[in-house]
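To start, the structure itself, in structure tokens.
All chains are named by letter (A, B, ...) in the order of the sequence lines, taking the proteins before the strands, and each is independently numbered beginning at 1.
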Amino acid sequence: MRPKLIIIAGPTGSGKTALAVLMARRFGLPVVSADSRQVFRGMAIGTAQPAPEELAVAEHHLIACRDIADDYTAGDYEREALDILAGLFARHGAAIVAGGSGLYINALCEGMDALPDADPELRLRLEEKWRSEGPAPLLTQLQALDPEYYAAVDRANPRRVIRAIEVCLKSGKPFSSLRSGSSRSRDFEMLKIGITMPRAELYARIDGRVDAMLRDGLESEARALYLYRGFNSLQTVGYREFFDCFDGKISRETAVALIKQNSRRYAKRQMTWFSKDKTINWFAAGETDEAIAMAAKFLAAPIAE
RNA sequence: GGGGGAAUACCAGAGUGGCCAAAUGGGGCAGACUGUAAAUCUGCUGACGUACGUCUUCGGUGGUUCGAAUCCAUCUUCCCCCA
């Protein structure tokens with residue numbers, strides 16, 4: 001029988017962690033996170049990592065396993081998650097993935113094409129060029145390297161343009177020629193469960209959760225990470241705003257309001273991303289029993305209490 | 001009691017006779033995104049319509065004018081100064 005993977009997705013604050021832990025306990029399964037920021041150590045509060053009690057209930061992976069200074073990418077995630085899952089499948093025959101990083105979930109479920117890894121130095125150079133000379137030179141370069149992708153890229157987006165050039169330069173081939181657009185077949189079965197709720201309710205929950213983070217010590221966590229603010233890991237809602245506050249650019253009150261606002265916007269982007277995935281089975285936040293029932297059916301296992 | 005200033009779309013705020021459904025910013029909404037993705041980027045944002053467009057707006061009312069957010073009168077509200 002092929003291993004089975006339950007994937008829990010949804011915007012921040014929708015209750016993915018709680019549902020994952022609930023299912024983990026019911027089915028006796030381990031949980032693998034799919035979150036680009038929870039992989040880092042020292043960011044427990046701001047990234048809403050599972051609480052110690054939750055971590056104690058179920059075996060968790062890919063949480064707080066990287067140093068703040070590390071680079072971590074969707075490609076790394078794909079490799080690492082697959083590797084971990086192989087071990088978990090051998091022991092349990094199934095596992096749960098929960099997280100809000102849509103690209104990471106895609107990487108895990110459908111795979112990414114074999115593209116060259118990031119080249120920090122090259123990137124730095126290209127970014128500098130974009131900053132000082134504007135987009136024109138890089139766009140010209142990309143047009144020469146890969147006319148096909150050039151026609152399709154978002155030319156206003158430096159990330160997209162620079163990555164494309166990076167891939168072309170490092171691989172010696174046009175980026176577009178390396179993009180298969182097809183998904184890799186995986187040797188496990190997947191069930192995707194999404195959590196939704198009315199917008200107003202979600203936003204209220206997000207605001208409330210930020211307040212809870214503040215009570216839990218988000219500010220001092222951010223203060224402890226201030227020195228590392230330049231790292232990618234800290235280009236993260238909840239920290240950036242506090243860094244600006246520590247720098248005296250904004251008041252604490254403004255920082256808190258911005259954290260809430262940026263969290264809401266982040267949630268919106270997540271919803272936009274997940275809405276494209278037609279394989280997700282959506283459940284309202286209160287329908288945990290229904291979601292668990294679907295998972296049980298998928299696992300072909302009785303619901304043990 | 002006297003004098004002065006201001007009222008513009010969700011908010012802030014330009015505009016001071018036609019090029020104004022009204023700059024710009026914020027907010028909101030919608031979206032894009034295959035190795036930075038909690039990142040990065042884009043569009044829309046008076047109403048109706050896919051669209052050419054049509055209709056209703058710039059505190060209220062009434063005027064002047066071919067034409068008013070813009071000028072005049074008056075009313076209302078707010079702010080400041082003198083008493």
Side-chain angles (χ1 to χ4, degrees), chain A residues 9-14 16 33-40 43 45-49 66 69-81 99-120 122-124 126-127 130-131 135 146 149 152-167 170-171 175-184 199-200 203 206 209-210 213 218 222 230-242 250 254 257-277:
Chain A
T12 22
S14 58
K16 298 183 294 293
S33 165
D35 189 298
S36 72
R37 297 292 126 107
Q38 288 186 7
V39 297
F40 295 105
M43 299 171 66
I45 300 168
T47 64
Q49 285 174 5
R66 290 294 172 121
D70 289 343
D71 281 323
Y72 198 78
T73 67
D76 297 327
Y77 178 78
E78 178 185 0
R79 285 186 288 265
E80 203 168 344
S101 298
L103 180 64
Y104 284 26
I105 291 176
N106 267 27
L108 174 61
C109 298
E110 288 160 35
M112 307 191 77
D113 292 319
L115 302 176
D117 285 328
D119 180 334
L122 177 60
R123 269 185 194 184
L124 224 65
L126 296 175
E127 279 165 11
W130 179 289
R131 251 196 310 279
D146 186 352
Y149 189 69
V153 242
D154 177 357
R155 291 172 210 169
N157 189 334
R159 292 281 159 88
R160 300 277 80 78
V161 173
I162 289 172
R163 158 103 275 234
I165 293 175
E166 175 185 68
V167 171
K170 284 194 77 183
S171 67
F175 181 30
S176 54
S177 74
L178 300 171
R179 284 167 27 114
S180 70
S182 62
S183 55
R184 198 129 325 165
R199 185 70 59 93
Y203 283 6
I206 287 173
R209 190 165 77 157
V210 171
M213 286 178 178
L218 177 61
F231 289 113
N232 182 246
S233 56
L234 289 166
Q235 306 316 306
T236 302
V237 176
Y239 300 98
R240 288 171 132 190
E241 296 84 355
F242 263 121
I250 56 176
T254 302
L258 280 175
I259 290 171
K260 291 178 179 177
Q261 184 180 103
N262 289 332
S263 297
R264 283 183 241 121
R265 288 172 164 173
Y266 169 49
K268 169 57 180 66
R269 269 177 277 132
Q270 289 175 300
M271 289 188 276
T272 298
W273 179 280
F274 289 131
S275 69
K276 284 192 304 186
D277 186 342

Contact class for A:Ser263 vs. all strands (heavy atom < 4.0 Å): base, sugar-phosphate, or nothing?
nothing
When you measure from the side-chain N and O atoms of A:Arg269 to the phosphate of B:U40, is any distance below 4.0 Å, counting only OP1 and OP2?
no
Before you tell me yes or no, could you show the steps for A:Thr12 and A:Tyr266 under side chain to side chain contact (heavy atoms under 4.5 Å, CB included), namely the whole-Å CA-CA distance, both residues' side-chain angles and the distance that decides it to 0.1 Å?
CA-CA 8 Å; A:Thr12 22; A:Tyr266 169 49; 3.6 Å; yes
Take atom P in B:G4 and the same atom in B:C75, then report the distance between them in whole Å.
15 Å
Any side-chain N or O of A:Asn232 under 4.0 Å from OP1/OP2 of B:A38?
no
Is the phosphate of B:G28, meaning OP1 or OP2, less than 4.0 Å from a side-chain N or O of A:Arg199?
no
For A:Tyr239 and B:A38, is the shortest distance between a side-chain N/O and OP1 or OP2 below 4.0 Å?
no
Taking only the side-chain heavy atoms of A:Lys276 (C-beta and beyond), determine which of B:C33, B:U34, B:G27 contains the nearest atom.
B:C33
Taking for each residue the nucleotide of RNA chain B with the nearest heavy atom, is it A:Gln261 or A:Ser101 whose nucleotide lies nearer the 5' end?
A:Gln261
NA contact type, A:Gly111, heavy-atom cut-off 4.0 Å: base, sugar-phosphate, or nothing?
nothing
Does A:Leu115 form a side chain to side chain contact (heavy atoms under 4.5 Å, CB included) with A:Phe175? I'd like the steps, not just the answer.
CA-CA 8 Å; A:Leu115 302 176; A:Phe175 181 30; 3.5 Å; yes
When rounded to the nearest Å, what value does the distance between P atoms of B:U77 and B:C66 take?
35 Å
What donor-acceptor contacts under 3.5 angstrom involve side-chain atoms of residues 103-110 of chain A, with partners at least two apart or in another chain?
none

Students often get this wrong, so: under 4.0 angstrom with heavy atoms, is A:Arg264 touching a base, only sugar-phosphate, or nothing?
sugar-phosphate
Given B:A38, B:G35, B:U42, the nucleotide with the shortest approach to the side chain of A:Ala156:
B:U42
Look at the side-chain N and O atoms of A:Tyr203 and state whether any lies under 4.0 Å from the OP1 or OP2 oxygen of B:C29.
yes
Expressed in whole Å, how much space separates the C1' atoms belonging to B:G15 and B:A21?
13 Å
Does A:Arg265 place a side-chain N or O at less than 4.0 Å from the phosphate oxygens OP1/OP2 of B:A37?
no
What distance, rounded to whole Å, do you find between the two C1' atoms, one in B:G28 and one in B:C33?
22 Å
Between B:A38 and A:Ser36, is there an OP1 or OP2 to side-chain N/O distance shorter than 4.0 Å?
yes
So does A:Asp113 reach the base of B:U34 with its side chain, donor to acceptor, closer than 3.5 Å?
yes
Can you list, by residue number, the residues of residues 159-167 of chain A that have a non-hydrogen atom closer than 4.0 angstrom to RNA chain B?
A:Arg159, A:Arg160, A:Arg163
Short side-chain N/O contact to B:A32 OP1/OP2 from A:Thr272, under 4.0 Å
no
With rounding to whole Å, what would you report as the distance between B:C11 and B:G27 at their P atoms?
16 Å
Residue pair A:Glu166 / A:Asp117, side-chain heavy-atom distance below 4.5 Å
no
Using the P atom on both, measure B:C52 against B:G67 and round to a whole Å.
28 Å
From B:U34, B:C41, B:A38, pick the nucleotide closest to the side chain of A:Asn157?
B:C41
Using atom C1' in both nucleotides, what's the gap between B:A14 and B:U70 to the nearest angstrom?
13 Å
Just call it for A:Asn262: base, sugar-phosphate, or nothing, with non-hydrogen atoms closer than 4.0 Å on any strand.
nothing
side-chain N/O A:Gln235 vs B:A38 OP1/OP2, d < 4.0 Å
no
With syn defined as a glycosidic angle within 90° of 0 and anti as the rest, where does B:G35 land?
syn
Side chain of A:Lys268 only, please: which of B:G31, B:A39, B:U40 is the nearest?
B:G31
Rounded P spacing from B:G59 to B:A9 in Å:
8 Å
Full working for side chain to side chain contact (heavy atoms under 4.5 Å, CB included) between A:Val167 and A:Tyr149
CA-CA 11 Å; A:Val167 171; A:Tyr149 189 69; over 6 Å; no
Quick one: which of B:U34, B:U40, B:A38 gets closest to the side chain of A:Phe175?
B:U34
With side chain to side chain contact (heavy atoms under 4.5 Å, CB included) as the test, would you mind laying out the steps for A:Leu178 and A:Asp113 before giving the verdict?
CA-CA 7 Å; A:Leu178 300 171; A:Asp113 292 319; 5.6 Å; no
Return no unless some side-chain N or O of A:Lys170 is found under 4.0 Å from OP1 or OP2 of B:G35.
no
